2 protein chains.
Amino acid sequence: MSQHRHPGAPGSAGAVPALPDLPEATVARLPEYLRALHNLADGGHETVSSEGLATAAGVNSAKLRKDLSHLGSYGTRGVGYDVALLIEQIESVLGLTQRRAVALVGVGNLGHALAGYDGFASRGFRIAALFDADPARVGEEINGLVVRHVDELSRVAAEESIAIGVIATPAAAAQPVADQLVAVGVTSILNFAPCVLSVPEGVDVRKVDLAIELQILSFHEHRKASLTALPATGGSALTALPGGLAANDSQEAIGT
Amino acid sequence: MSQHRHPGAPGSAGAVPALPDLPEATVARLPEYLRALHNLADGGHETVSSEGLATAAGVNSAKLRKDLSHLGSYGTRGVGYDVALLIEQIESVLGLTQRRAVALVGVGNLGHALAGYDGFASRGFRIAALFDADPARVGEEINGLVVRHVDELSRVAAEESIAIGVIATPAAAAQPVADQLVAVGVTSILNFAPCVLSVPEGVDVRKVDLAIELQILSFHEHRKASLTALPATGGSALTALPGGLAANDSQEAIGT
DNA sequence: AGGCGCTTGTGAAGGGGTGCACAAATCGCG
DNA sequence: CGCGATTTGTGCACCCCTTCACAAGCGCCT
């Protein structure tokens, strides 16, 4: 995660539009709030209480209030939050007022699916270009976009003013591709390749590794199995499960 | 993230094989170490220093040492860690000694790609069954597996002794599918649908939302753009940059 | 055998995040 | 106009995690 945080502006505090310098954990939750808010808006709700929005987003209500307070708090005590206004606020903070152009590199198994994923388009992004190193794949049309050779990356990226690069190549190809993206000026990368990317300072990389997610689940599965296997260790209330399962009330570890 | 933490075994501590009750943050990093270790092993290395493994895994060396110390520390001072031994250790802790069976529900755009993703098979998992609710997709063969109707889930899951369920359905279908998985006894779920799942206690859910990842990147992109746009805010050492464009000085956040 | 350099393992300090609990604020109603 | 119900915003304490810094341990070389 983030390491050095600039100490913070001394006392100047001009009329800066909105650079609240949010805590990273808050930033990671805002998109979830946004999704829940859109759901509520579609359902006809005009206002929500922190409690309502919190459960819709799967978090604690106190946490949600604190998160929202960081971005200026547009709630009304005794009433709740104005759904439309809050959507506007969050989208503004997340920089979603402009639809950002995304370049996807690697149109293999996973990349192909990503190229066709409509969740991107519906949530503020536009897949602007597809690239692959395999000549056999160049020229193929996916979702109205033609796959180009990765050598054209620098030219096309400039034309389309790419803001974010998505890497869905095999691990071996990921680093060179990242270097190319950085060279073109891309400063945000979403990496699906199972490897560590080395990028210059100022470039953000987020990694999604599907196998890792499964392995984390495997650990918990393993632990649960061990626990039930030897019921001798006192404590744990779940040993007493009668026939069925406890009513759903908690929720779980969403990867931070 | 995780909420219920069993208070911890009182004082019994028998000769339990290995239930070190690792910190969640450590668990989330172990798979990354494992991947790096396999790379090293393939490269012919027999031992690694914490520094070497740390950079290969993209983390701080102190953090890595502390992580490994939690699981019993099989390193040798002055030398480093035995690669093969450490692999064995981590795989054991993660419960990867047995190849766990995974059921994938929802063979749409993304699900199709997941079904064909070889990263699962090569890292300890076996996709044992595919399901979909759309009759048009039932019967299709993907990677040697036939897509079955979701109604058969309970029967097939029992036969294959499914350990983990992966949900790749549209958001609206995710909750019913999760309920079915839970009913069959699945206690670990990986959810790709953009919605919050409600599950009983004892069931672990991890969520992967691709749009959310992009939105987090968008925030940082937005922030970086705002920073370079207005160099007026006092303090910050980057005002003194001569030419203009603030040389890269901030940093990147690799998702935790 | 002894000493030296290297690397691990860990105590302690610091930062960040979470959740409780409550004061402050707003609305609606009598 | 005042009061009570409701809900936000936040001070505070706690806990987890990260990071530094260093002592302890190990191998190698002389």
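Quick note: numbers below take in every heavy atom, side chains included, and nothing from hydrogens, waters or symmetry partners. By convention in this document, chain letters (A, B, ...) are assigned in the order of the sequence lines, proteins followed by strands, and residues within each chain are numbered from 1. Computed from a predicted model, the values in this text were never measured in an experiment.
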Not counting sequence neighbours, which residues clear side chain to side chain donor-acceptor pair (under 3.5 Å) with Ser218(A)? List them please. Arg100(B)
Listed partners of Ser122(B) passing side chain to side chain donor-acceptor pair (under 3.5 Å), at least two apart: none
Please give, in whole Å, the distance from [N] [atom2] to [X] [atom1]?
X: Asp67(B); N: dT8(C); atom1: CG; atom2: P; answer: 14 Å
X: His70(A); N: dG17(C); atom1: NE2; atom2: C1'; answer: 10 Å
X: Leu22(A); N: dT18(C); atom1: CG; atom2: P; answer: 13 Å
X: Leu68(A); N: dG19(C); atom1: CG; atom2: P; answer: 15 Å
X: Leu53(A); N: dT6(D); atom1: CG; atom2: P; answer: 20 Å
X: Leu30(A); N: dG17(C); atom1: CG; atom2: C1'; answer: 15 Å
X: Leu64(B); N: dT10(C); atom1: CG; atom2: P; answer: 14 Å
X: Glu24(B); N: dC16(D); atom1: CD; atom2: C1'; answer: 12 Å

All side chain to side chain contact (heavy atoms under 4.5 Å, CB included) counterparts of Ala84(A), not counting sequence neighbours: Asp82(A)
Expected rows: protein N/O vs nucleotides 2-4 of chain C N/O, under 3.5 Å:
none

Letter per nucleotide, 5' to 3', of nucleotides 22-30 of chain D [B base touched, S only sugar-phosphate touched, - untouched; heavy atoms, 4.0 Å]: --BBSS---
Of all the nucleotides listed (dG19(C), dG9(D), dT19(D)), which has the minimum atom distance to the side chain of Ala62(A)? dG19(C)
Closest to the side chain of Ser69(B), out of dT18(C), dT8(D), dT10(C), is dT10(C)
Sequence neighbours left out, what passes salt bridge (Lys or Arg N to Asp or Glu O under 4.0 Å) with [X]? Give chain and number order.
X: Arg65(A); value: none
X: Glu91(A); value: none
X: Lys66(B); value: none

Can you name the residues that form a ring pair (Phe, Tyr, Trp, His ring centres under 6.0 Å) with Tyr33(A), not counting sequence neighbours? none
Ion pair present between Arg123(B) and Asp209(A), side-chain N to carboxylate O less than 4.0 angstrom? yes
Glu32(A) bridged to Arg29(A) by N-O distance under 4.0 Å: no
Using OP1 and OP2 only, check whether a side-chain N or O of Ser49(B) sits under 4.0 Å from dT7(C). no
Regarding dG17(C), can its base be found pairing with the side chain of Lys66(A) as donor and acceptor, where the two atoms are less than 3.5 Å apart? no
